[in-house]
Amino acid sequence: MRNGSDQEALRAGPPAPDPAAVPDPDPAPDPGVGVPTGAVARRLGVSPTTIRSWERRYGIGPSHRGPGRHRRWYPEDVSLLDEMCRLTARGIPPAEAARAARSAVPGAHPTPGDAPPPAQDADGTGPLAHRPGGSRAMPLGTVRPECRGLARAAVRLDGPEVAGILRGAVDGLGPVRAWTEVIMPALRAAGRKWAADGEQYVEVEHLLSWHVSAALRTAAVAPVRFREAPPVLLAAMPGEQHTLPLEAVAAGMAVHGLPYRMLGAAVPPRALLDAVTRLGPSAVLLWAQSRTTADPHLAREVGRASWGAAGSRVDALVVTAGPGWNRHGHPAGLACPRTLETALDLLRRAVDDRAAEDRAPSGGTRPGPADRSPGDGPGRRR
């Protein structure tokens, strides 16, 4: 039986709040509003392992997490991760990107205390090697920041970011340097990853290749004033389907105002020879990615093709480019540059030579390809 004081307390109801009590300045929001880690990972195109790694290493974690509950990510948390993705796609190291992201995103929660120490190997003897992106990261080695950012964006299937990085590289470095220093290492890494993981990685290479082609073709067809000279003919050997390097050369020629005609992939021999005699080009670049598509006999046939009136017949400089030619003997009389930069320089000089020939007086002697200096690669021709 209750005594009188207990009955009076019941009638009085719950005690009034203590005015001296300090309210929680950051009450935990409704757990149903936050987004789980898996959903955030799908939205950003990264793996949940990457997000957990960023939280453990750099303090990029959810601002609210109740005891015994799963991580729930709120809008300010997702914005922080979004900025982290954007910065790492620019090639910024993740630790530096984490600091910059917290400074750039309004309302981002600060990392408590100092940055967490590096994770240790299983035996606890040393720091765990950092692998941005977890098991889906592409092995790049020492590359430009733009290349590393391009690879990270491609792994996330972040098409707009890939396109933006490619535009910046092509505009800033030029198409051929962008190909050599940014695009080609990323494509090679994607190919190695695909070979190691099978079809699980082909979507990354396809997305990257499509955007690379779009960026290079945009530069190649930009409105420019081309020099008054016969064009350079760009063609892949019969059976050769890889044309991205040719598109980089075409874009590089357009940037320098050098006229060209692109025939693209797998040009049949008859069509190639017909195009040479119809166009009368300043030079012909024949691309072969593999040894099986490189055909020295056909290249020599192109080199023997000539046109014009008897007594003043003209032929073109033939440039054999691509790794497919490396295992063949140097075809006599043909240029065999080792890099696209060297190939582009040879083509520029060929266009300049033909332009000078066309400007020569009609009664004068016009130097043919046999009178040109072999320069860096081509041998003397007939």
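We use all heavy atoms of the structure for the numbers below, so side chains are in, but hydrogens, waters and symmetry mates are not.
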Judged by atom type as modelled, is there a donor-acceptor pair below 3.5 Å linking the side chain of [X] to the main-chain atoms of [Y]?
X	Y	answer
Y260	A251	no
T243	L246	no
S213	S209	no
R354	P281	yes
E240	Q289	yes
W325	A321	yes
S282	P230	yes

Quick one: do [X] and [Y] make a salt bridge, cutoff under 4.0 Å?
X	Y	answer
D352	R227	yes
D274	R270	yes
R177	E341	no

Kindly compute the distance separating [atom1] ([X]) from [atom2] ([Y]), expressed to the nearest 0.5 Å.
X	Y	atom1	atom2	result
L150	L208	CG	CG	5.0 Å
R152	R148	CZ	CZ	6.0 Å
L157	E203	CG	CD	5.5 Å
L263	L233	CG	CG	4.5 Å
L317	D353	CG	CG	9.0 Å
H211	L166	NE2	CG	8.0 Å

Do [X] and [Y] come close enough that some side-chain heavy atom pair is under 4.5 Å?
X	Y	result
W287	L340	yes
L244	W179	yes
V302	L334	no
D295	P238	no
T339	T180	no
P160	D158	yes
M237	T320	no
H256	L344	yes

Apply side chain to side chain contact (heavy atoms under 4.5 Å, CB included) to residues W73 and T37 and explain how you reach the verdict. CA-CA 7 Å; W73 300 81; T37 301; 2.9 Å; yes
Can you name the residues that form a side-chain hydrogen bond (donor to acceptor under 3.5 Å, both in side chains) with R261, not counting sequence neighbours? none
Can V170 and V182 be said to form a side chain to side chain contact (heavy atoms under 4.5 Å, CB included), step by step? CA-CA 9 Å; V170 170; V182 177; over 6 Å; no
Qualifying residue, where the test is side chain to side chain contact (heavy atoms under 4.5 Å, CB included) with R349 and the options are V351, L346, L347: L346
Output, in order, the C-alpha distance, side-chain angles, deciding distance and verdict of side chain to side chain contact (heavy atoms under 4.5 Å, CB included) for E161 and R156. CA-CA 10 Å; E161 189 67 32; R156 297 199 310 268; 4.3 Å; yes
same_hphob_cluster(V255, V212) at 4.5 Å side-chain heavy-atom cutoff: no
Quick check: closest heavy atoms across [X] and [Y], and the distance to 0.1 Å?
X	Y	result
A229	A355	CB-CB, 3.9 Å
A254	V224	O-CG2, 3.5 Å
A343	L285	CB-CD1, 4.2 Å
A186	C147	N-SG, 3.8 Å

Determine whether V232 and L258 satisfy the following criterion, side chain to side chain contact (heavy atoms under 4.5 Å, CB included), listing intermediate values before the conclusion. CA-CA 8 Å; V232 171; L258 303 173; 6.0 Å; no
